[in-house]
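To start, the structure under review is shown below, and the notes come after it.
Note that the coordinates shown come from a computational prediction; the quantities given were computed from them, not determined experimentally. Per chain, numbering begins at 1; letters A, B, ... match sequence-line order.
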Amino acid sequence: MRLLIAKRADAVHPGSWWLLGLALAVAAGLTSSIWIALSICVFAVAVARLLRTDAPWARSLGFYLTLATGIVVLRLGFRVLFNSGLATENIAFRLKDIELNLGFGPGVHLLGSVSWLTLQSAMLDGLRLAAIVLSVALANTLANPRKLLRATPGALYEVATAISVAINLAPQLIESLNRVRRARKLRGRSKKIGALAGTIIPVLEDTLDRSLSLAASMDARGFGRRGSLSSYQQTATRVLSLTSLAVFAIGIYLLFSDPALAMLAASVLALGVAEVLIVVKISSLKHVRTRYSSQTINALDLALWLASAAVIVFSVSGFGGVQ
Amino acid sequence: MIKISDVSFGYSGTENQVFRRANLQIGSGEFVLVCGPTGSGKSTFLKIFNGLAPHFTAGTLSGTIQIDGQDITGRQPHELAGLVGYVNQQPEGSFVADTVEDEIAYSLEQLGFAPSEMRKRVEHFANLLGVDRILKQNLMSLSGGQQQRVAIASALAAGQKVLVLDEPTSALDPAAADEIVDLLMNLAHQQGITVLLAEHRLERVISKADAVIVVNGDSSVNKFLPRDAFKEYRLVPPIVELSQKLGWQPAALDPQEAGNRSISPSQWAAKTEPSLGETLLSAEGIVVNYGETKAVQGISLQAQAGEVVVVMGENGSGKSSLIWALQGIGDMKSGQISTAWGDPRSMSDQRRLEVIALVPQKAADLLFLNTLADELAESDRVAGVAETTTATIFAKFAGRVDPKIHPRDMSAGQQLALVLALQLVKDASIVLLDEPTRGLDYAAKHRLAEVIAELQSEGKTLILASHDIEFVALVANRIVVLQDGQIVTQGSPADILSHEGKLPTQVAAALRTPGLISVSQVLS
């Protein structure tokens, strides 16, 4: 049953999961309520757990959970440790006040009385960060990275292939690492063949061999074929790339200079984005490849987009007054 | 289909050319076996047809190569992708996609086929290679044979007229390997695809091939009819060796052909039984699990001094896990192992060296230093034995080898001999070998068989994992066959490898004489 649901979730465009993850992360960043941050954490973990497949990238949820917990604990711990120690009302608990005299300026207070207010704000900070981490975890667990790469435009194809090859090589690297470590024990105690050289040299050799044989196989199957761009197209991409960079710089300057110019800044940035899109489109012409299966958009995708949009609108508009 | 004229190839920096002024022609739909001793340049020869040599191997190529009327000399591999399909030894190392259908479609995508045409071709070639039912499956979940089929389908999907395969069966068990060879023959004869296949175990292919190209390592490349190929060359599959020993003219190429002739009892001798000593190793109820996978499920095994026990079975049947568990380093969930010197699992790595030697599947995993001399000296130092002890053992196995050579530049046979020497430096009495014949040619296999016989006569116990039937027939005293981590049969080689058993040798299948399984038993 769970696997059936997971299969359904795997059919969703990986971009949709990232959209939802980012929308949740935005909401987590904007909120000032512990409860909203906490519910985002719970929601992200619950959805990821329910819908994840058995794929390698889906096994990292535990790591993200540990990271998120660590962030909250660390945040609370630091606030208690570097508490100014001067709170007088609403005291949660009292610890021994340690004053460090550094020999200059006022002394530094460690520990001391901790107020509820301090704990609350530390908790909020921690949970907000944790919620952002877990939103990314949601996207990372549910979005199939290979499908995501397949959805990249042609101009980014080489980069996408490099990442895809790395994904394939990682498990093989672990396999050869285990194999070599086991084999190394056969040689008994050797001073010269230290743990490092004795493991790294054979593993490196293995990895290089594999990479070369993969590269040969890819080349033999037509990877690296490219069409040519006319000189007119080449000039166009260069000019557009340069101007889009300039336009972005101006847009960002406007955005931060005067709140009244927000509208203008937004339209300048939009112009920059449009230019980049045209560059990517033209560069993609250079490639003569086609796609076997293109990722289709289904009803679930639309639902996810709507949900993401709702989350963003809701959080930008101040969470309907829940603070 | 293919015509090469005056083709020479040499690696930069060396005087010797891999081949010089080769001239030959290969017809459309011909099934050609490419053979030669290890390191003779077979792989390099195969790579000139799609530009991987010299573009990926470095070196210089001269002369002209024509395929399908086009001069392809000097062209890049990706330019030739639509003309020549290429499959290498390990399919899992060349996969780019994650599912079967995406993998088959990969070169179609690169060559810019229209999506509708692509779907048609993926379906057609998946069907042809028998992988149509597993199109949506993950490549890593497939068996070795299925993976190789997918690799072949993806090498042919764009309508390539030439298919080049570099030892595609070396990692497969005998049944899967035979299926792949039959499939390739059908592709050549029924689909008209020109197939060039490099293979060490000639016995698998020789009777099915239309021609044999011998890359001899002395820079000559010649094409023969299968029957004539062995008149001049010493790489001989068992059935041809049998013909030569008995003076059959012309030589028989496959068991059926040889089966029509007969052999008299005076022409062969039964295998001599070794004299066995005390039990050196005894294992009870060994269980090895890797996560959910049950690799070995309760195997018990005894081995005596002077005995060679061979563990056979398909890939994934638990051979390797069993060998490593017996050594004491490998994972083991439950079970008992005892040797004449105690339980190997409670010994230190150092102490184990005095009792049990193990040569892993990839011998080079144990080699890290820059010269052979360094490796030998380090071995003496670690073992605390007199200088040149290891070197003496190595010389006994491999003869004279330049001590300045980098261990990774040695042949597979020499690497095996080196690791065996490193492992036997303390004269361990139990020797474990995990698939020792991988990548060895006939000459190297015979040498290894001699080494094994020598160790056996010194009263050592040897346990081998192998699925090389012909080699097993040469060395085994007892065979244990595994399936899914359990022993399904065990017995003498004369029973297990006989014409009535599941794993008949060529000689057994041909002569159907009880007790006769190997050419070495035939008296010339």
Do side-chain atoms of D219(A) reach the backbone of H78(B) as a donor and acceptor pair under 3.5 angstrom? yes
Heavy-atom pairs under 4.5 Å with chain A - which of S116(B), A357(B), S154(B) has more of them than the others? S154(B)
If every non-hydrogen atom of P202(A) is compared with every non-hydrogen atom of L367(B), which pair is closest and at what distance? CG-O, 4.2 Å
To the nearest 0.5 Å, how far apart are CZ in R181(A) and CD1 in I329(B)? 13.0 Å
So which residues of residues 104-114 of chain B are in contact with chain A at a heavy-atom cut-off of under 4.5 Å? A105(B), Y106(B), S107(B), L108(B), E109(B), Q110(B), L111(B), G112(B), F113(B)
Contacting moiety of R408(B), where chain A heavy atoms sit under 4.5 Å: side chain
Could you list the residues that satisfy ring pair (Phe, Tyr, Trp, His ring centres under 6.0 Å) with Y86(B), not counting sequence neighbours? none
So what's closer than 4.5 Å to chain A heavy atoms on Q327(B): side chain, backbone, both or neither? side chain
Which one, V122(B), L80(B), V84(B), leads in non-hydrogen pairs under 4.5 Å with chain A? V122(B)
Closest non-hydrogen atoms of L186(A) and L358(B), given as atom of the first, atom of the second and distance, are CD1-O, 3.6 Å
Tell me, out of R351(B), K47(B), E103(B), who's got the most heavy-atom pairs with chain A below 4.5 Å. E103(B)
Among N50(B), I356(B), L422(B), which residue has the highest count of heavy-atom pairs closer than 4.5 Å to chain A? L422(B)
Top residue by heavy-atom pair count (under 4.5 Å) with chain A, among L353(B), D102(B), V419(B)? D102(B)
List the residues meeting salt bridge (Lys or Arg N to Asp or Glu O under 4.0 Å) with R182(A), not counting sequence neighbours, and say none if there are none. none
Can you give me the closest heavy-atom contact between R221(A) and A81(B), atom names plus distance? C-CB, 3.5 Å
Partners meeting side chain to side chain contact (heavy atoms under 4.5 Å, CB included) with D331(B) (sequence neighbours left out): V288(B), Y290(B)
R187(A) and Q423(B) have their tightest heavy-atom pair at N-NE2, 4.4 Å
Which atoms of R352(B) approach chain A - backbone, side chain, both or neither, heavy atom under 4.5 Å: neither
Answer whether the closest heavy-atom distance between the side chains of K362(B) and D206(A) falls below 4.5 Å. yes
Please flag which part of V87(B) lies under 4.5 Å from any non-hydrogen atom of chain A: side chain, backbone, both or neither. neither
Neighbour count above 12 (heavy atom, 6.0 Å) for E387(B) CD: no
Please find the pair of heavy atoms, one from L214(A) and one from V96(B), that lie closest to each other, and give the distance. CD1-CG2, 4.4 Å
